[in-house]
Amino acid sequence: MLKEYKSIKEIVGPLMLVSGVSGVKYDELVEIHQDNGEVRHGKVLEVHDDNAMVQLFEGSAGLKISTAKARFLGRGIELACSDDMLGRVFDGMGRPIDGGSPVIPEKKYNINGQPINPVARDYPNEFIQTGISAIDGLNTLVRGQKLPVFSASGLPHAQLAAQIARQAKVLKSDRKFAVVFAAVGITFEEADFFISDFRKTGAIDRAVLFMNLANDPAIERIATPRMALTAAEYLAFEKDMHVLVIITDITNYAEALREISAARKEVPGRRGYPGYLYTDLATIYERAGRIRGKNGSITQIPILTMPEDDKTHPIPDLTGYITEGQIILSRQLYKRGVNPPIDVLPSLSRLKDKGIGDGKTRKDHADTMNQLFAAYARGKEAKELSAILGEAALSEIDRKFAEFADQFEKRYVNQGYYANRTIEETLDLGWQLLRMLPRSELKRIKDAFLDEFYGK
């Protein structure tokens with residue numbers, strides 16, 4: 001029996017206070033019925049004694065508290081899941097917006113999910129090929145990893161996200177690969193770009209899209225990543241698929257969290273974000289992974305724009321603590337026409353060593369990766385020195401490293417958004433660049449690999 005109350009006492013912004021309630025639980029869904037037949041929705045944010053604080057999804061404008069009735073539904077927000085989700089586009093609350101019929105559920109899941117038992121977690125150790133050299137060759141993505149992209153306002157993270165969604169695949173695996181894409185608080189133009197790109201390239205056939213636009217309610221932004229991860233958990237752990245979850249933009253999610261926290265008059269933390277921002281982000285990121293005895297997996301690439309290009313801002317800062325590395329986009333590279341503008345030196349994949357090597361990528365991968373890092377870093381130092389003292393001040397070998405750094409950016413990092421390189425092509429390109437340097441300078445590569453690959 002659903003409980004219905006006419007005791008709505010107060011509405012402040014998106015929050016509504018209902019008194020005299022009993023048996024109401026945190027996160028429970030609420031319907032607000034008005035005399036004219038209009039129904040609005042919300043969820044319980046807080047219960048204290050017989051008072052329930054309800055967050056309204058559609059906002060409170062025009063709501064008459066004298067005649068409205070609050071009906072508590074006894075369940076949280078759920079997502080209807082089935083195989084038919086693949087190839088479909090949903091809004092941030094899981095409702096179809098592609099003109100198709102509603103999904104007939106095989107199962108319904110609470111979007112908050114169940115935590116993965118740490119003992120049941122399997123270690124990520126399988127290479128995922130994205131077709132992007134700066135990621136595959138140097139900051140390798142591993143199945144079951146969470147690897148965020150740190151971008152900034154105006155940088156082409158949307159194009160990078162679409163490219164990864166199109167091209168990503170697990171090598172040497174016959175299991176199905178699916179992409180769950182969650183757009184959080186983006187503009188209509190960005191949403192249209194993603195949908196049309198997925199359809200044009202055929203990637204939508206293996207994808208599930210959740211689209212939350214900038215003019216949708218803030219509370220919907222809180223639900224959208226969880227909707228996507230619930231769909232991913234169903235496909236991975238019920239249907240044994242390898243699932244890549246891409247969420248853009250986490251910054252919009254955190255802003256919505258701050259807005260709701262301010263409306264609740266909570267004590268703010270750093271930069272006005274709630275003190276539980278770390279914990280809240282962890283409930284999203286930690287839903288990636290592999291489970292022993294299950295064939296499927298969830299790999300996560302959250303994308304966030306760093307306010308004021310600041311890596312120490314709370315959102316990228318806390319994200320870096322939770323996730324296993326980061327891919328950082330560079331405004332300087334973008335201005336020089338390098339696309340995707342991935343800054344490889346500060347970027348990091350903490351699990352890259354587990355997904356590369358003989359039988360996974362190629363036996364020379366680890367050595368060439370280390371050598372490319374070292375040579376590029378030395379080349380950038382040489383270029384900075386020449387900018388101060390002039391090129392004449394550089395030694396002959398420093399000039400070679402400076403030229404290497406230029407060619408590395410032009411040929412290795414810069415590949416455009418529609419070039420899909422195999423890992424062999426990426427490694428071979430790395431060797432082509434290393435041949436610009438004398439063999440005696442390649443001190444991070446074993447002699448056996450130099451004998452086999454350097455002279456080719």
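- Taken from CD1 in I342 to OH in Y334, the straight-line distance is 14.0 Å, to the nearest 0.5 Å.
- Qualifying ring-ring contact (aromatic ring centres under 6.0 Å, His included) partners for F401, counting only residues two or more places apart in sequence or in other chains: none.
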> After noting the C-alpha distance and the side-chain angles of R331 and D309, does the key distance pass the salt bridge (Lys or Arg N to Asp or Glu O under 4.0 Å) rule?
Replying inline: CA-CA 9 Å; R331 198 176 292 281; D309 296 17; 2.8 Å; yes

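- Note: F194 and F181 meet the aromatic proximity criterion, with ring centroids under 6.0 Å apart.
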Donor-acceptor contacts under 3.5 Å from residues 353-360 side chains, at least two apart:
{"unit_1": "K360", "atom_1": "NZ", "unit_2": "N125", "atom_2": "O", "d": "3.2"}
{"unit_1": "K360", "atom_1": "NZ", "unit_2": "K354", "atom_2": "O", "d": "2.7"}

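- E286 and K146 are joined by a salt bridge, as a carboxylate oxygen and a charged side-chain nitrogen come within less than 4.0 angstrom of each other.
- Scanning both residues, P124 and V142, for their nearest heavy atoms gives C-CG1, 3.5 Å.
- Although no hydrogens or angles enter the test, the distance criterion places no donor-acceptor pair under 3.5 Å between the side chain of E233 and the main chain of T230.
- Residues R166 and T201 bring no donor and acceptor atom of their side chains to less than 3.5 Å of each other.
- Counting only residues at least two apart or on different chains, the side chain to side chain donor-acceptor pair (under 3.5 Å) pairs with a member in residues 402-412 are R336-E409, Y376-E409, K383-D406, E403-Q407, R411-Q432.
- A distance-only check finds a donor-acceptor pair linking the side chain of R226 to the backbone of I222 [under 3.5 Å].
- Take D451 and apply the salt bridge (Lys or Arg N to Asp or Glu O under 4.0 Å) test, not counting sequence neighbours, and it matches R439.
- With values rounded to the nearest 0.5 angstrom, L437 atom CG is found 11.5 Å from R435 atom CZ.
- Under a 4.0 Å N-O distance rule, the pair R378/E381 does not qualify as a salt bridge.
- Inspection of the S297 and R143 side chains reveals an N or O donor paired with an N or O acceptor under 3.5 Å.
- Between P156 and P341 the shortest heavy-atom distance is CG-CD, 3.8 Å.
- When the side chain to side chain contact (heavy atoms under 4.5 Å, CB included) test is applied to N370, the partners found at least two apart in sequence or on another chain are R444.
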>> I'd like to know whether H157 forms a side chain to side chain contact (heavy atoms under 4.5 Å, CB included) with T248, so could you lay out the CA-CA distance, the side-chain angles of the two residues, the decisive distance to 0.1 Å, and finally the verdict.
In response: CA-CA 9 Å; H157 47 268; T248 179; 4.2 Å; yes

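- Atoms CD1 and CG, from I445 and L434 in turn, are 5.0 Å apart once rounded to the nearest 0.5 Å.
- Side-chain atoms of R362 and T368 include no donor-acceptor pair closer than 3.5 Å.
- Residues I116 and R287 are not in side-chain contact: their nearest non-hydrogen atoms beyond the backbone lie 4.5 Å or more apart.
- Counting heavy-atom neighbours within 6.0 Å of E308 CD, excluding the residue itself, gives a total of 12 or less.
- Judged by distance alone, the side chain of R271 and the main-chain N or O of I315 form no donor-acceptor pair under 3.5 Å.
- Atom OH of Y418 has more than 12 heavy atoms from other residues, nucleotides or ligands within 6.0 Å.
- Here the shortest heavy-atom pairing between L348 and L147 reads O-CD1, 3.5 Å.
- Side-chain N or O atoms of D343 include none that pairs as donor or acceptor with a backbone N or O of P346 at under 3.5 Å.
- Around NZ of K176, the count of heavy atoms belonging to other residues, nucleotides or ligands within 6.0 Å does not exceed 12.
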> Under the side chain to side chain donor-acceptor pair (under 3.5 Å) criterion, do E78 and N110 qualify, and how do the steps go?
Replying inline: CA-CA 4 Å; E78 294 178 333; N110 187 299; 5.8 Å; no

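- In terms of heavy-atom proximity, H313 sits nearest to R270 at C-NH2, 4.1 Å.
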> Checking side chain to side chain donor-acceptor pair (under 3.5 Å) for the pair N139/S347: CA distance, chi angles, key distance, verdict?
Replying inline: CA-CA 7 Å; N139 295 289; S347 296; 4.6 Å; no

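- With contacts defined as side-chain heavy-atom distances shorter than 4.5 Å, the pair I327/P148 does not qualify.
- A donor-acceptor contact under 3.5 angstrom links the side chains of Y417 and N339, judged on distance only.
- Residues T319 and Y285 have side chains that bring a donor and an acceptor to within less than 3.5 angstrom of each other.
- Between D136 and K352, no side-chain nitrogen of the basic residue sits less than 4.0 Å from a carboxylate oxygen of the acidic one, so the salt-bridge criterion is not met.
- E324 has no carboxylate O lying under 4.0 Å from a charged side-chain N of R350, or vice versa, which leaves the two without a salt bridge.
- Taking the side chain as every heavy atom from C-beta outward, P14 and I260 never approach each other to under 4.5 Å.
- Residues D122 and K294 are not paired through a salt bridge, judged by the lack of any N-O separation under 4.0 Å between the basic side chain and the carboxylate.
- Taken to the nearest 0.5 Å, the CE atom of M369 stands 10.5 Å off from the CG atom of L427.
- Judged by the 6.0 Å distance and 45° axis criteria, R258 is positioned over the aromatic ring of Y273.
- Across all non-hydrogen atoms, the minimal contact from A223 to M93 is CB-SD, 3.8 Å.
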>> Checking E452 against K363 for the salt bridge (Lys or Arg N to Asp or Glu O under 4.0 Å) test, could you report, in this order, the C-alpha distance in whole Å, the side-chain angles of both residues, the deciding distance, and whether it holds?
In response: CA-CA 11 Å; E452 185 175 349; K363 59 186 178 182; 3.0 Å; yes

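- To the nearest 0.5 Å, atom CD of residue Q167 and atom NZ of residue K169 are 9.5 Å apart.
- One finds a salt bridge joining R290 and E126 here, because a Lys/Arg side-chain nitrogen approaches an Asp/Glu carboxylate oxygen to under 4.0 Å.
- Nearest heavy-atom pair across A183 and M211 is CB-SD, 3.5 Å.
- Taken from CD1 in I250 to CZ in F150, the straight-line distance is 10.5 Å, to the nearest 0.5 Å.
- A heavy-atom distance below 4.5 Å is found between the side chains of Y234 and K239.
- Residues K400 and P438 are in side-chain contact: their nearest non-hydrogen atoms beyond the backbone lie under 4.5 Å apart.
- Judged by distance alone, with hydrogens and angles left aside, the side-chain atoms of Q129 form a donor-acceptor pair with the main-chain N or O of I423 at under 3.5 Å.
- With hydrogens and angles ignored, the 3.5 Å screen pairs no side-chain donor or acceptor of T305 with any backbone N or O of S153.
- Within the 4.5 Å cutoff, the side chain of L235 has heavy atoms near those of the V180 side chain.
- Side-chain N or O atoms of H365 include one that pairs as donor or acceptor with a backbone N or O of G137 at under 3.5 Å.
- By the 4.5 Å heavy-atom criterion applied to side chains, R199 and D98 are counted as neighbours.
- Side-chain contact check for N112 and D27: at least one donor-acceptor pair (N or O, by modelled atom type) lies under 3.5 Å.
- Not a single donor-acceptor pair under 3.5 Å links the side chain of Q300 to the backbone N or O of Q145.
- For T224, there are no side chain to side chain donor-acceptor pair (under 3.5 Å) partners at least two apart in sequence or on another chain.
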>> side chain to side chain donor-acceptor pair (under 3.5 Å) for S60 and R40? Distances and angles first, verdict last.
In response: CA-CA 9 Å; S60 58; R40 300 193 194 189; over 6 Å; no

